Every structure is written in C-alpha cells, then in structure tokens.
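Proteins come first, then strands; the chains are lettered A, B, ... in the order of their sequence lines, and each starts at number 1. Everything numeric here is computed off the predicted structure, so don't read it as measured data. Below, each value reflects all heavy atoms present in this structure, side chains not excepted, and no hydrogens, waters or symmetry copies.
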Number of protein chains: 2
Amino acid sequence: MSEKQDTELIIKEAARDIFLKKGYAGARMQDIADKAGINKALLHYYFRSKEKLFDVIFFEQFGKLIGQVKEGLRGDMNLHDKIEFFVDKYIGLLEQSPYLPLFVINELSRDSERFIDKLKSFEVYPEAASMIGMMMQEMEKGAIKKYHPFHLLMNIMSLSVFPFIAKPMIMTITQVKDEDWKELMADRKEQVKAFIFNALEI
Amino acid sequence: MSEKQDTELIIKEAARDIFLKKGYAGARMQDIADKAGINKALLHYYFRSKEKLFDVIFFEQFGKLIGQVKEGLRGDMNLHDKIEFFVDKYIGLLEQSPYLPLFVINELSRDSERFIDKLKSFEVYPEAASMIGMMMQEMEKGAIKKYHPFHLLMNIMSLSVFPFIAKPMIMTITQVKDEDWKELMADRKEQVKAFIFNALEI
DNA sequence: ATTTGCATTAACCATTTGGTTAAATTTTTT
DNA sequence: AAAAAATTTAACCAAATGGTTAATGCAAAT
C-alpha cells in the first residue's frame, strides 16, 4: 500500500525532472523510467500515457507558479510592501526552480487551447484586481507616478522573471561566467526593487 | 541554377517556420517538406541532416536577434536617445517576429555547449561596453540614478522582451482576449520608456 | 498453505521518424 | 542532338519511441 504511494511519487519526481528540462516533445518515457529506476511499462501502469503523465506534472508546476503569483498579490499590506513582498517571493521561488517559468511558457505556447479549460480554476483575477485597485488608488492620490496598471504589473513580473528565462542566452551573449552570474543574481532582488520604486516615485 | 537557389530558399523558409514554432525536438522533417511542397529526400539532398538544417536556421535567427541588440547599443546618440532607440527597435522587431526570442532561448537552454564556439563570432561585447561606459559616465556625473550597469541593461531588455515571451502564459492567467492584448501592446513602447526614464531620473 | 489481487518486469508490437537509394526527370554542357 | 550533371521523387530502411501483453513476484486475505 505504501509501495504504491512511493512508486507513484518516485515516478512523478523523475517525470518532473525530465519534463522541466526537456519539455514534452524532448522528453522520453524511457529516460523517465531510467531516472525513476523502474521499468517503462510501470509508467503506463501508473499513468496510462505520456500525455496523461505530462498533464499531471504540468498542472502541478503551473499551480506552483500561479500560487506564488496569487500569494504575492494577496495580503493586506500597503502597495510598497506588496511589491517588495512580490519581488522577493518570486525571485526566491525562481532561484529554487529556475526551469519552472520557461517550462510553463513553452508548453502553453505550444498548445494553450489544450489546457485552457482546466486552467480556469487557477484564476488569479481576484488577487490581481485587488492589487490593480490599490495601484489606481495610489495613482489617484498622487502617491506614485501614473502608469497603466496592466503594464506596471507586467513590468514587475518582467524584471523578476526574465533573467531566469534568458540566462542561457544572456550568458552566451555576454560571456559572463557561472560564478559571475551567481554573484550578479545575488543583487537582483535589491536592484529590481530599487528600479521599481524609483520608477514609481513622484 | 536559379532552381537551386529557389528550392534552397523555399526549404529554409519552411524550416524556419516549423523550427520557430515547434523547436528542434518538436519539429518533423516531414512537416518541413510538406510546408515547402517538396519531397522529404530533397531536404537531405540540400542540408544532409535535421541537425545541419536546424543549425542554419538557428544561426540566422540568432544573428537577427543579436544584430538588433548590437544595432540598438551602437551609435553616437546620448544615453537617453540610445535607450529610446533600443526599446523602439527591439519591441518593433518582436512585433514582427514574436517567436524569435523564445526560440533562441529554448535552444540555447537545451544545449548551449553545442553552440558556444560558433556563437563567439556574434559577440556584442564592444557595443555593450560602450553603452555601459556611457551609463557609468552619466551616473558619475549625477545625471541619472545609480544602478549596476549590468542590471540596468538587463532591466531594459526584460521590459522589452518579456511580454512577447510570456504572452501565452499571461493571456491564460489573466484571460485577456486577443484584441485587448493587441491594444495593450500598442502602448507598450511608451509605457516601457516612461518607466525606464522615471527610474533613471534623479 | 492456498488463493487472490496488486505491483513489476521482460519481451514484444505498431507507428513514427530521420535518413538512404536507385531510378526518373530536368537542366546544362558539349 | 547526345552526353553529362544536377535536381527531384518513390520506395525503402533502421532506429527510436510510445504503448501493450503475458508472465512473474509478492504481500495480504482466506
């Protein structure tokens, strides 16, 4: 009985690893089986097909990403603290799961139709609306500079997420080495927050 | 003779389309042949293997992306105009080639080792150094706020590129419709520039 | 101890996929 | 016009890949 739980978890961990790194098209069932240390047939015994296994992983990972967004947007802090919290949380998450955003983006980009119904349950609208409302209030008050709230939110996200997505490209282009990158990224949170707050300062 | 040029071009155009949308692993030689309206064997006659064909496309596209970066960084404008020029140019490029950045990022992410030698010829270091030098000068003068130049450059790029990469994800999360997205993106250039300049303003 | 039912595997299967070959067609050269 | 060279195709091949099956192992229930 605990065997079943165990094996299923082991498979899922292996699948997550492979799918995150290689994407759906690049992943091989055999590789997942090997990484899990089991027979390939057992994958199908537990998850029936590559697509079904993939979906399990994808929704889990999507949930993880969205969950962090929602958590970052929610809460009763003032705008400044909210932004600070969001950037810290988000960059923190990506430091631990660097493959996550590119994976989700890729698979949604590949075929968003396929997921669209099942993804509705993850909606962030309430949380986003609350944050946007707060932004507009502050802008009205004249407490911060005026921007289109959608773009402001997009900017916060862009600054937090992009470096993780673009790392291999940036490193190739700039020929920055691994250690230098690490060092640079250690400063990222502070640099992003300063940039945002300065852009908002009236 | 002109046949040869013609066919090669037709194949490359088809290959570009398929590879950009599906990536290396997701692309099928048969699909490329179909799109080009030719026999699959002819692909191999012209390009020998999937990998070789892919490399031709990849380096072309990488060059396009990097070329734009270099062009954006070069020039004898002052910093303000340079940033303006860069953002306009870059977002303009991506409006026309929305698949480009995700494609390059993905394939470099998949296996950057494979390309690293061949990509050295594209180096943007001189142009980047010139821009970074200019930034540091302005910061020293007290003309703009102080940031780590690397992060400032990264921020400019993040704000310009991220929305194009994350479009399917953002649209899914926010349930923004296609027309709304288009409308929002029409403002993007201005919003990004304003955000950057406000963040730099002392 | 035997049966029962789930977990696991080895071997196998059908399809897909990148790639090849030999012949046919077209173009270029002589 | 004939020969030679280049281009294009139909048919084929071998390996890879997702998936299945039938047998085996194994723990719990009888």
Rounded distance in Å - CD (B:E8) to P (D:dT8): 11 Å
Presence of salt bridge, B:E179 and B:K182, under 4.0 angstrom: no
Which atom pairs link the protein and nucleotides 18-21 of chain D when you take only N or O atoms and keep those under 3.5 Å?
| residue | atom | partner | partner atom | Å |
| --- | --- | --- | --- | --- |
| D:dG18 | OP1 | A:A27 | O | 3.4 |
| D:dG18 | OP1 | A:R28 | NH1 | 3.4 |
| D:dG18 | OP1 | A:K50 | NZ | 3.1 |
| D:dG18 | OP2 | A:M29 | N | 3.1 |
| D:dG18 | N7 | A:K40 | NZ | 3.2 |
| D:dG19 | OP2 | A:H44 | NE2 | 3.2 |
| D:dG19 | OP2 | A:K50 | N | 2.7 |
| D:dG19 | N7 | A:K40 | NZ | 2.7 |
| D:dG19 | O6 | A:K40 | NZ | 2.6 |

Rounded distance in Å - OH (A:Y45) to P (C:dA7): 4 Å
Euclidean distance, atom CG of residue A:D34 to atom P of C:dT9 [Å, nearest integer]: 12 Å
Parallel, tilted or perpendicular, as decided by the 30° and 60° cut-offs, for the rings of B:Y90 and B:F86: parallel
Integer-rounded Å distance: C:dT16 P and B:D31 CG: 12 Å
Do any side-chain atoms of residues 116-132 of chain A form donor-acceptor pairs under 3.5 angstrom with protein atoms, and if so which ones, sequence neighbours left out?
| residue | atom | partner | partner atom | Å |
| --- | --- | --- | --- | --- |
| A:S121 | OG | A:K118 | O | 3.3 |
| A:S130 | OG | A:K82 | NZ | 3.2 |

A:R110 to A:F54 six-membered ring, cation-pi geometry met (6.0 Å, 45°): yes
D:dT8 OP1/OP2 closer than 4.0 Å to side-chain N/O of B:Y46: yes
Enclosure of B:E183 CD (heavy-atom neighbours >12, cutoff 6.0 Å): no
A:T7 vs C:dA7: side-chain N/O to OP1/OP2 distance below 4.0 Å: no
Ring centers of B:F19, B:F103 separated by less than 6.0 Å: no
